[in-house]
Amino acid sequence: MNGVLWAAVILLAIAAGILSAFLHGYRRQVRALKRQMDFLKDTDTNLQLSTALTFRDVDDLAAGINEALERHRRTEQALVRVSRNYKDTITSISHDLRTPLTSASGYLQMLRCENTPLKKREQYLEAIDRRIGAVRRLLDQLFEFARIEADELVLDPKRLLVNNVLRDAVSLFYDDFCQKGANPDVDIPDESAIVFADQDALRRVFENILQNALVHGDGGYRIRSEQTASGCRIRFENATHTIEDGDLAHIFDRFYTTDRSRSRRTTGLGLSIAKKLTERMGGTIGAALEDGIFTITVSFPSG
Amino acid sequence: MLNLLHTEFYKLWRQKSFYICTLVLVVFTVLSVFSYELLNMMAELIPPEVAQGDIPSYGVGMSTSAIGFEGDMSGLWALATSFGGNLLPVLIGIVIALFVTADFSHGTLKNIAAKGFSRTSIYVSKLITGAVAGTLMLLLMAGAALVTGTILWGFGTADAADVFTLLLMQVLMHLATVGVMVAISFLLRSIGGAVAVNICVVSFAVLIPQLISAFLNYLLKEDRVDLSKYWLFSNITELSALPLNGDAVLRCSIVAVATFAVFTFFGVYSFVRRDIK
Amino acid sequence: MPLILETSGLTKLYGGRAAVNQVSLHVKEGDIYGFIGKNGAGKTTFMRLVTGLARPDKGSMALFGGQSLTEGRRRIGSMIEYPSLYPNMTARENLEAHRRLLGIPEKNSVDEVLQTVHLTDTGNKEVKHFSLGMRQRLGIAQCLLGHPDFLILDEPINGLDPTGIKEIRDLLLTLNGEKGITILLSSHILGELAKIATCYGIINQGVLVDEFSKDELQTRCRRCLRIQVDDVKKAAQVLESVLKTDQFDVLPDQTLRLFAYLEDSGKVNTTLVQNGVTVMTIAPAGQDLEGYFMQRMGGYGNA
C-alpha cells in the first residue's frame with residue numbers, strides 16, 4: 001500500500017512539475033516576444049519575430065504580427081520610392097518647362113532685332129509656336145494627371161467600336177514609328193469589338209501607350225487587336241533594352257521612369273494615366289517582358 | 001537554447017545511422033537472449049561434470065556466470081543481463097560520434113555559431129539530444145530483452161525496487177557514457193576518428209586502469225589496488241545482475257557523475273577556446 | 001549614412017603570422033561592398049571574424065552602429081567558403097532545420113525562400129546530388145531565411161556558369177534594391193563585381209590596402225594623357241598658365257596625368273616643348289578596372 005502511495009505522490013509531483021514548466025515557458029516566450037517587438041518597431045530592419053517554443057497558437061500569433069510588420073515595411077518602402085520619383089520628376093518638369101521657354105525667349109530676342117530678314121522671321125515665329133506648343137502639352141498632361149488622381153475627370157461613356165479608336169491613335173504615330181526603324185506590324189481586324197467607354201479617354205490610353213513605346217522602345221513595334229470571349233484584347237509590343245524585370249512591377253507607378261539620365265524628358269506619367277483611365281472604364285492593363293520584347297496588354301469587357 | 005534543441009532533434013530524427021544502430025542493437029539483443037536458450041538446451045545434453053568448468057562464451061552479451069545456471073532465467077534476468085556486454089555503449093558511441101561530427105565535417109556548425117549561439121549552449125544542446133538518443137536506445141534494448149526473455153521463460157520475480165534501481169543506475173551510467181562520447185566527438189571533430197576512439201574507449205580502454213593498478217600493485221607489493229572499479233564501462237557490466245549490491249550502487253553512481261563532469265568540463269572548455277573552421 | 005559594419009584595427013594571428021592585419025573597414029547601409037584580394041589575402045578570415053566564427057586577437061568591430069554583437073549577428077546571413085549544407089538531407093529538410101534554429105514561426109517561409117532562388121522542384125533529391133550552382137543557391141536561400149539586413153557572401157559565384165552568375169547577380173541586386181539589404185561579397189571575378197558593387201575594398205596579405213566608392217574608382221581610372229617630362233613643376237606651370245587647365249595630377253617619377261585636351265595630344269606636346277619642357281613620352285592612358293586592381297593588389301612596390 002505504501003509503495004502505491006509513494007508512486008502516486010511521485011507521479012503527481014512530476015505532473016505538477018511539467019505543468020509549471022509549461023506555464024513558465026509560455027511566460028518566458030511572451031516576454032521574449034515583447035523584447036523583440038520593442039526592437040522591431042523602432043528599428044529599420046528586415047528582421048521579424050522568432051519563437052523558441054513550438055506552441056501552435058504562439059507561432060500563429062507571431063506569424064500574424066510578422067505579416068503586419070511586413071506590410072508596414074512595404075508601405076514605407078513604397079512611400080520612399082514614390083517620394084523619390086516625385087522629386088526627380090519635379091526637377092525634370094521644371095527643366096522641361098525652362099528649356100523651351102528659354103529657347104522661345106531666344107527666338108523672341110532675335111525677332112526684336114531689326115536686321116533680321118523676313119524669311120527668318122517666319123521661321124522664328126514658327127519655332128516659338130512649337131516651343132509654346134510643347135510647354136502647353138506638358139502642362140496639359142500634368143493637369144490631366146492631377147484631375148485623374150483627384151477623380152475629377154468626368155467620363156462620358158458611349159458604345160464604341162474599339163478598333164476604330166485604335167486605328168486613329170496608331171495613325172497618329174505611324175510615321176514616327178517608321179522613322180525609328182522598321183514599319184510597325186499592325187494587325188487590327190475590320191470587325192471590331194464593342195466597348196462601353198469614353199472616346200477621348202480610350203484614345204488617350206492608346207496614345208499614351210504608343211507615345212511611351214515610341215520614346216523608350218527600340219523598334220520592333222507590333223500592335224494587335226483581337227476579340228475574346230469576354231470582350232477585346234489589344235497588345236502593344238516593342239523591343240527594348242532599357243527595361244528590366246525589376247522595372248515591371250513599377251512600370252505603372254506615378255512618376256516612374258527607367259530613363260535615368262533624363263535624356264528624353266519624360267514625366268513618367270503616361271502609363272500611369274493610361275492605367276488609371278483603363279481601370280475607370282472597367283478594363284485591365286498589364287505589362288510583360290520576355291526576351292527583350294516589352295508588351296502592354298489592354299483588355300476591355302464587351303459593352 | 002530551445003531553438004537549438006528543436007533543430008538538433010529535427011536532425012536526429014533524420015539521421016539514418018540512429019535507426020540502423022538501434023535496429024542492430026535490438027536484433028542483437030533478441031538473438032543473444034535466444035542464444036542463452038540454445039545454451040540451455042545444449043547444457044541439457046552435456047554431462048554435469050563438464051558443466052562445472054569454464055565454458056567459453058559464445059558470442060556477444062554473455063558472461064560466464066550465465067552458463068553457471070545460477071538461479072532461473074527469466075524476462076527480468078534477461079533484462080539485467082542485456083547490460084552485460086558492451087554493445088549498448090559502443091552503439092551509443094557510434095550514433096553520437098556521427099551526430100556530433102556531422103556538423104564539423106559538413107561545415108554546418110557555421111550556420112549555428114554565426115547566428116550568435118554561445119559555444120556552451122551548442123555543446124549542451126548536443127549533450128541533451130545525445131542523452132535522449134542514448135536513453136531511447138537503452139530502453140528499447142532493455143525492453144527487447146525483457147520481452148524476449150518473458151516469451152521464453154516467463155516474466156520472473158525480483159524485488160521491484162531492485163529492478164527499478166538497476167534500470168536507473170544503467171540510465172545514469174549511460175548518460176555518463178553520452179557525456180564521454182560527446183566530449184570525445186567535439187575534441188576530435190572528424191567522423192572516423194570519433195567513431196574509432198569511442199569504440200576503443202568502450203572496449204579496450206579498461207586496460208589503462210588495469211595497467212595502472214597492476215603497476216601500483218607492483219610498487220606497493222600489494223594485491224588490492226584495482227582502479228578498474230572506478231572505470232565507467234566496467235561498472236556498467238558490473239551492475240548487470242540482480243540482486244544489486246548496495247555499495248556497488250553507491251560507488252558506481254559516484255563514478256558515473258564524476259566521469260560525466262570531468263569529460264564534459266574538458267569538452268566544453270576545448271570547444272569554447274577553439275575557432276570553428 | 002549609418003555604418004552597418006565598422007572594424008577598427010582588426011587583427012588575427014595564426015602562429016605569428018597576421019592573416020588579418022589591422023583592418024579598418026567600413027560598410028555603409030545599402031552598399032554592395034566588393035571585397036577583393038588574391039587567394040589567401042585574408043578575405044575569408046576577415047569574414048570569419050565578423051561572423052564570430054573566429055576570435056580576433058586585436059582590434060574591435062561594431063555592427064549596425066553599436067548593437068551588441070550577438071544580437072547583430074542575428075541580422076546577418078552569411079555563406080563562408082562554401083555553402084554549409086547537410087548532404088544527406090533534401091533541400092527542404094536543410095532549410096527546415098535552419099528554420100527551427102532561427103525560430104521562424106511561418107511554416108511557408110521555406111517555400112517562399114526556395115521560390116526566391118528558383119529551387120522549388122528538387123523534391124527528394126539529397127543535397128549530395130546537387131550541382132555546385134544548386135548548392136550555391138540553396139546556401140543563399142539559407143541566408144535569406146532569417147530576413148537578414150546584412151549578407152556576407154564569400155565567393156558566391158564561384159564555379160557557376162554564366163546563367164547561374166546572372167541569376168545570382170539579379171537576385172543580389174533585387175535584394176539590395178527592394179529590401180535594402182547591405183551586401184559584403186568577395187570575388188575573384190572583377191568583371192562581375194564591377195557590375196554590382198557600389199564600393200570596393202582591396203586586401204592584400206591581410207592588410208586593407210584601399211577602400212573607395214564606385215564613383216571614386218571612375219575618377220581614378222579616367223581616361224587621360226599620360227605625359228612623362230623632365231621637369232614636372234615646370235610642366236605643371238605651363239599647363240596652368242598657357243593651356244589654362246587645372247585638370248591634371250602629378251604622379252611620381254616625373255609623370256603627369258592630364259584629363260583635358262584628350263584628343264589634342266599634339267598641341268599639348270608642342271606647347272610644353274615650346275615652353276622649355278622636354279617631353280619624354282606622351283600617350284593616351286586610362287586604366288580599366290582590372291588594371292587598376294592588379295596594380296593595387298600587387299603590393300606596395302608596384303605602381
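Heavy-atom basis, side chains included; hydrogens, waters and symmetry copies ignored. Residue numbering restarts at 1 for every chain, and letters A, B, ... go by the order of the sequence lines.
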Charged N to carboxylate O below 4.0 Å: is that the case for B:K16 and C:E126?
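Salt bridge flag = yes for C:E126 with B:K16.
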Which residue out of C:E93, C:R75, C:M79 racks up the most heavy-atom pairs below 4.5 Å with chain B?
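Top option by heavy-atom pairs under 4.5 Å: C:E93.
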Is it the backbone or the side chain of C:K12 that comes under 4.5 Å from a heavy atom of chain B, or both, or neither?
side chain
Can you tell me which portion of C:L101 sits under 4.5 Å from chain B's heavy atoms? Options are side chain, backbone, both or neither.
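It is both, since atoms from each part get that close.
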The interface call for B:I112 against chain C, heavy-atom contacts under 4.5 Å, is both
Relative to chain C, which segment of B:F117 carries a heavy atom at a distance below 4.5 Å: side chain, backbone, both, or neither?
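The answer is the side chain of B:F117.
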Indicate yes or no for a side-chain donor-acceptor contact from B:K115 to the backbone of C:G77 under 3.5 Å, with no hydrogens or angles considered.
no
Under 3.5 Å donor-acceptor, B:N111 side chain and C:H98 backbone
no
From B:K11 atom NZ to C:R100 atom CZ, the distance as rounded to the nearest 0.5 Å:
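Here the rounded value is 12.0 Å.
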Considering only heavy atoms from C-beta outward, does the side chain of [X] approach that of [Y] to under 4.5 Å?
X: C:Y86; Y: B:Q15; result: no
X: B:N3; Y: C:L102; result: no
X: B:H106; Y: C:S84; result: no

